[in-house]
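Take a look at the structure below.
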Amino acid sequence: MSIAEAGEFGLIARIVARLDDGPATLLGPGDDAALVAAPDGRVAASTDVLVEGRHFRRDWCTAADVGHRAAGANLADIAAMGATPTALLVALVVPTDLEISWPEELAGGLSAEAAKVGASVVGGDVSAGPLTIAVTALGDLGGRAPVTRTGAQPGDVLALAGRTGYAAAGYAILSRGFRTPKIFVEAYRRPEVPYAAGAAAAQAGATAMIDVSDGLLQDLGHIATGSVVGVDVRREAFTVPDQMRDAASALGVDPYLWILTGGDDHALAATFPPEAALPPGFQKIGTVHEGTGVTVDRTPWTGGTGWDHFR
């Protein structure tokens, strides 16, 4: 059955049937607005949009994969503020000739990814047009101060939770028409986001934090600019897995290009005072110093820095 045959309300009914309520949901889909508990009294909010052909391809990803990707990109932003995700709102634009099973499976992926952090899809909107998914994530700070991009200080330690380069390797592999190694292709399709690391970093006294969505060096540039400091990344802090080295060699790519500039893994990069104990899952990858910009081993990087939506 196509979406045109099901109609707007038939589509909505099928999507809602795939959703589960999270603990913060007071009123879910079906009314003019949802109600979400906010015990802290402050709500962290973030929005991302995914456009077919720009952010995903249906011949590379299942609808459920796209749901996981879309949810993960937004939930990671909430985690990067030191907050706990509570809810997602989803606006979906679909071509009318699309099989209705596609948005159903998309909803399943969104719901499953949100459930990893105890959140849920609480509402949204649908319309006809080029395939586009816009997601807004909400989160609760739990009494903690938000961790922004502007608090890094000279002398701080730079640390990373999660991995980088895996999704970029998967993208490169898919772009060349291959489907293996599977570990990288699956990392592109469904990033493994270290959600719990965000709140843990906040509790450990992180001075700044960011979700690595567009490339490590590019996103660290936002911390450097916001905090008016220099950030230096140590290349030796990253071990290149054998499978990544082999894939990079086969494709004629420097694997560090994937690790330092590849996006979509949604690792969390944070800065900590030098005396702070790093939370579990974080590893030191560099330092903060007086100055400006981002360097690698104290040398300007010339290999590109990351993703730009308008290039």
Side-chain angles (χ1 to χ4, degrees), residues 1-22 25 27-36 43 45-78 85-115 119-139 167 171 174-175 188-191 193 211 213-214 263-264 266 307-311:
M1 179 186 294
S2 71
I3 289 172
E5 291 170 318
E8 176 183 356
F9 298 107
L11 171 61
I12 291 172
R14 287 171 177 262
I15 289 174
V16 171
R18 295 293 189 104
L19 307 178
D20 296 312
D21 287 340
T25 304
L27 179 64
D31 219 306
D32 290 301
L35 297 177
V36 180
V43 177
S46 181
T47 296
D48 258 338
V49 61
L50 280 74
V51 179
E52 183 180 25
R54 187 66 173 165
H55 302 98
F56 67 91
R57 284 174 45 169
R58 277 184 277 163
D59 59 331
W60 288 3
C61 302
T62 67
D65 291 337
V66 177
H68 280 273
R69 280 173 57 79
N74 285 271
L75 296 169
D77 284 332
I78 299 300
T86 55
L88 297 176
L89 296 160
V90 181
L92 176 62
V93 180
V94 289
T96 56
D97 60 353
L98 187 67
E99 285 293 317
I100 199 165
S101 60
W102 201 92
E104 286 184 276
E105 293 169 11
L106 172 77
L110 286 161
S111 185
E113 190 68 26
S120 61
V121 179
V122 297
D125 192 19
V126 295
S127 188
L131 186 53
T132 305
I133 304 120
V135 181
T136 297
L138 307 177
Y171 176 87
L174 288 165
S175 296
Y188 171 79
R189 289 170 172 163
R190 301 189 184 191
V193 185
D211 156 42
S213 56
D214 296 328
D264 283 340
H266 301 291
W307 172 257
D308 185 326
H309 291 272
F310 297 97
R311 291 182 182 171

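All heavy atoms count here, side chains included; hydrogens, waters and symmetry mates do not.
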Review point. Is there a donor-acceptor pair under 3.5 Å between the side chain of R69 and the backbone N or O of C61?
Key: no

Check your understanding: Where the side chain of N74 meets the backbone of D48, is there a donor-acceptor pair that is under 3.5 Å apart?
Key ->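 Yes; at least one donor-acceptor contact below 3.5 Å.
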
Heavy atoms only: give me the nearest [X]-[Y] pair and the separation to one decimal.
X	Y	value
G124	L89	N-CD2, 4.4 Å
E113	G72	CG-N, 3.9 Å
G123	P29	N-CG, 4.1 Å
L88	A114	CD1-CB, 4.0 Å
S120	T25	OG-OG1, 2.8 Å

Review point. What residues form a salt bridge (Lys or Arg N to Asp or Glu O under 4.0 Å) with D211, not counting sequence neighbours?
Key: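 Salt bridge (Lys or Arg N to Asp or Glu O under 4.0 Å) list for D211, sorted by chain: empty.
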
Test side chain to side chain contact (heavy atoms under 4.5 Å, CB included) applied to [X] - qualifying residues, sequence neighbours left out:
X	value
A34	V122
V43	A38, L138
R190	T62, A64, D65, H68

Measuring from atom [atom1] of [X] to atom [atom2] of [Y], what distance do you get when rounded to the nearest 0.5 angstrom?
X	Y	atom1	atom2	value
L174	R57	CG	CZ	8.0 Å
E8	S127	CD	OG	8.0 Å
H266	L75	NE2	CG	10.0 Å

Donor-acceptor pairs under 3.5 Å, side chain of residues 102-111 to any protein atom, not counting sequence neighbours: which ones?
unit_1: E104; atom_1: OE1; unit_2: R14; atom_2: NH1; d: 3.4

Check your understanding: Are more than 12 heavy atoms from other residues, nucleotides or ligands located less than 6.0 Å from atom CG of D59?
Key -> yes

Review point. Which residues pass the side-chain hydrogen bond (donor to acceptor under 3.5 Å, both in side chains) test with E99, sequence neighbours left out?
Key: none

